[in-house]
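Written out below as structure tokens is the structure these notes cover.
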Amino acid sequence: MLELEAPHLLEKREVKARREGLPELKNAEKGNVVLRFAPNPNGPLSFGHARGLVINSAFRDMYDGEFILRFDDTDTKVKPPMLEAYERIQEETEWLIGRKPDRVVIASDRIETYHQHATDMLEQGFGYVCRCTADAFKEFRVSKTNCPCRSQNVQDNLVLWKRMLDRKFKPGEAVVRVKTDMKLKNPALRDWPALRIQDTTAHPHPRPEIGSNHVVWPLLDFQSAVEDHLQGVTHIVRGKDLMDSTRKQTLLYEHFGWTYPETMYWGRVKVHEWGGFSTSQMRADIEDGRYSDWDDPRLPTLAGLRQRGIQARALRSFWNELGITQKDISVPLATLYSHNTKAVDDEAPRLTFVRHAVEFQLTGDHPNQLSIPVHPNHASMGLRGWKLNDGRIWLEGEDLEKMDLRLKEFADVALHDQEARVESIERSDKRPIVHWLPASQSVSAVVLSTKDDTIVHTEGQLERHKHKAGTIVQLERVGYAIVIDNATLMLCHEESQEQ
RNA sequence: GCUCGCGUGGUGUAGCCAGGUCCAUCAUUACGGGUUUUCAUCCCGUCGACCCGGGUUCGAAUCCCGGCGCGAGCACCA
């Protein structure tokens, strides 16, 4: 009885169990879920894009569904696409989510399909060609009055539509609008624009196969709505700034008799250490030479983070942990770094880097060589063999305040002038343990790190190594770093504030 | 201004829809301790929160109303 009338009462206890990971999708059937992420290819992917990629592909995995990467490249003037970005975004997506998208769709390939749907809309009478100026229409929108173009009959609309396609209008002289209702409470929804004219002679599409082929282009809400339906998208998970888009598009779906996908939203995210970066601002700064390129480690691009050794799986766990609440949040980079440390530590070979190195001469009895583990927790990673040869060693400038030191993995020494006299091989007291390097084992090197908006160069002596570029190592007592070449590394994580 | 959305410790997050098992979860940060010949990893511990005011109820983080705060949309951008 209870089961029939109020099954939720019985499930209560189970539902209250602590949830881990992402929430369930509504009306989702395993194997029958289609998701998408649709960036504008006006630059490479940013940190923020990663959220859309990570979350949507996580749902794809959770439901054994499909994930579409779609290029929403329908503006050639305000946010012109960048030709290189198409390939680059696909490569970065694969790196981030660890697989290729199930489908890739490029909006600019499908302009004629959108035109066809616009024709359908006009024929069925729920759209019209509006020849008012943007300003004039704005007044109609504010005053909740119908624009005169709204009452044109279907024939007139189709004639005007053909003239649009035939390049008889200039940009701004005609748009296609969706008939909703000018008295709708939300002004954003009132007879919203679906397609407009772009001057693709002055502003051709950067893809050579598209170029100036079309002048009538769909706007986001129309293009996205039609494409989601055509691709069979079942769930849309996106930023809450697109909430009104959902409402606009739902009105269009009702006209067409389609069912709108389930939607979920996330709020805005700010990273405390980064200001507001926009793709176009970054592009300008790179052109001005303020940053080296899109992969400059100071930039919040995926390429920049990757350059610094931030791992894809760290970004995945970071975004998955934030989840999809609608709250606007501000996260410290320390959270991302914490995920990255977990991702990297187990596999990071240890290496010695002596900053601001000062030379000393070892004296007294001591072995002439020693072996140090590559990783203290994993003997299987092998040993590093050091030879002392002439007994010249490097110590870090900041460690020299005390005269009695323990050279890590080696011996207790007492410093005097330029001499380090070995007092004991065994550890004999509580003197501080410091890292050090035999001169014969070292090479002059530089470690780069980002600090605020600058790149700091730290000179020092680096243990000789054969790690390939891109390897993440741990510089003992310094931090995790990515190998650039034999004598250059870059710290993965910004120097901590209290240093 | 109109419309929509959101307010749980320093920062995130779970719980809220279907009120009790919540003196509120987990993570991170900070601090303290343990393991460790790294200021790493790992482990243990401590501090710390339901925006405010009413209401409904035996009982409210959870439901209702009002207030306040924050954010977004109102583009012929995405």
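Note that the coordinates shown come from a computational prediction; the quantities given were computed from them, not determined experimentally. Chain A is the first sequence line, chain B the second, and so forth, proteins listed ahead of strands; every chain is numbered from 1.
- A side-chain contact (heavy atoms from CB on, under 4.5 Å) with Y260(A) is found for one member of L252(A), V233(A), I236(A) and no other, namely I236(A).
- Heavy-atom contacts from other residues, nucleotides or ligands closer than 6.0 Å to CD of E24(A) number 12 or fewer.
- In this structure, the nucleotide among rC4(B), rA78(B), rU13(B) sitting nearest to the side chain of I329(A) is rU13(B).
- A side-chain donor-acceptor contact under 3.5 Å links W386(A) and E463(A).
- Ring-plane geometry between Y480(A) and H493(A) is classed as tilted, the angle between the planes lying from 30 to 60 degrees on a 0 to 90 degree scale.
- Toward the 5' end of RNA chain B, the nearer of the two residues T74(A) and E321(A), judged by each one's closest nucleotide, is E321(A).
- For R268(A), the listed nucleotide lying nearest its side chain is rA72(B); candidates were rA72(B), rA40(B), rU38(B).
- Between W266(A) atom CH2 and rU13(B) atom P there is a gap of 14 Å when expressed in whole angstrom units.
- Summarising the geometry, the separation between CG on D244(A) and P on rG71(B) is reported as 17 Å, rounded to the nearest angstrom.
- In this structure, the CG atom of L336(A) is 13 Å from the C1' atom of rG12(B), given to the nearest Å.
- With rounding to whole Å, Y337(A) atom OH is found 22 Å from rC39(B) atom P.
- Comparing atom distances between the P187(A) side chain and each of rA78(B), rG73(B), rA72(B) picks out rG73(B) as nearest.
- The side chain of K342(A) places an N or O atom within less than 4.0 Å of a non-bridging phosphate oxygen (OP1 or OP2) of rU28(B).
- Side-chain nitrogen and oxygen atoms of T335(A) include none within less than 4.0 Å of the OP1 or OP2 phosphate oxygen of rU29(B).
- One interatomic measurement links the two molecules: CE of M381(A) to P of rA40(B), which rounds to 19 Å at whole-angstrom precision.
- Summarising the base pairing, rG32(B) is matched to rC44(B) through a Watson-Crick or G-U wobble pair whose two defining distances lie under 3.5 Å.
- Side-chain proximity of D72(A) to rA78(B), rU37(B), rC77(B): nearest is rA78(B).
- Across rC17(B) and rA61(B), the matching P atoms stand 12 Å from one another, rounded to whole Å.
- Contact between I89(A) and P44(A) at its shortest, heavy atoms only, is CG1-CA, 4.5 Å.
- Minimum heavy-atom separation, A107(A) to Y114(A): O-CE1, 3.4 Å.
- One N or O donor and one acceptor, one from the side chain of R350(A) and one from the base of rA40(B), sit under 3.5 Å apart.
- Put simply, R196(A) has a side-chain N or O that comes within less than 4.0 Å of OP1 or OP2 on rA78(B).
- With hydrogens and angles disregarded, no donor-acceptor distance shorter than 3.5 Å links the side chain of H203(A) to the backbone of S212(A).
- Checking rA72(B), rC76(B), rC77(B) against every side-chain atom of K79(A), the shortest atom distance belongs to rC77(B).
- A gap of 15 Å separates the C1' atoms of rU21(B) and rA60(B), to the nearest Å.
- Across the strands present, rG19(B) finds no partner; the criterion is a Watson-Crick or G-U wobble pair with both atom distances under 3.5 angstrom.
- Taking atom CZ on R190(A) and atom P on rG73(B), their separation rounds to 17 Å, with Å as the unit.
- In H467(A), the NE2 atom is crowded: over 12 heavy atoms of neighbouring residues, nucleotides or ligands sit closer than 6.0 Å.
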Which nucleotides of nucleotides 5-10 of chain B have their base under 4.0 Å from a protein heavy atom (B), which only their sugar-phosphate (S), and which neither (-), written as one string 5' to 3'? SSSB--
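- Across all strands shown, the partner of rA27(B) is rU11(B), judged by Watson-Crick or G-U wobble contacts whose two distances both fall under 3.5 Å.
- Nearest to the side chain of Q474(A), among rU41(B), rU38(B), rC2(B), sits rU38(B).
- One interatomic measurement links the two molecules: CG of D346(A) to P of rA40(B), which rounds to 16 Å at whole-angstrom precision.
- For N186(A), taking side-chain heavy atoms from C-beta onward, the closest of the listed nucleotides rU3(B), rU38(B), rC77(B) is rU3(B).
- When rounded to the nearest whole Å, the span between OH of Y265(A) and P of rC4(B) equals 14 Å.
- A 3.5 Å limit on both hydrogen-bonding distances identifies no Watson-Crick or G-U partner for rC77(B).
- Remark: rA60(B) base-pairs with no nucleotide in the shown strands. Criterion, Watson-Crick or G-U wobble with two distances under 3.5 Å.
- Under the Watson-Crick and G-U wobble criteria, each requiring two contacts below 3.5 Å, nucleotide rG71(B) is paired to rC4(B).
- The aromatic rings of H115(A) and W161(A) sit perpendicular, their planes meeting at an angle over 60°, well past the 30° parallel limit.
- Donor-acceptor pairing under 3.5 Å, judged by distance alone, is absent between the side chain of R427(A) and the base of rU37(B).
- Between T325(A) and the phosphate of rU13(B), there is a side-chain N or O to OP1/OP2 separation shorter than 4.0 Å.
- With both ends at atom P, the span from rC76(B) to rC70(B) equals 29 Å, rounded to whole Å.
- No side-chain donor-acceptor contact under 3.5 Å links D346(A) and N377(A).
- Taking atom C1' in both rA27(B) and rC39(B), the straight-line distance is 23 Å, to the nearest Å.
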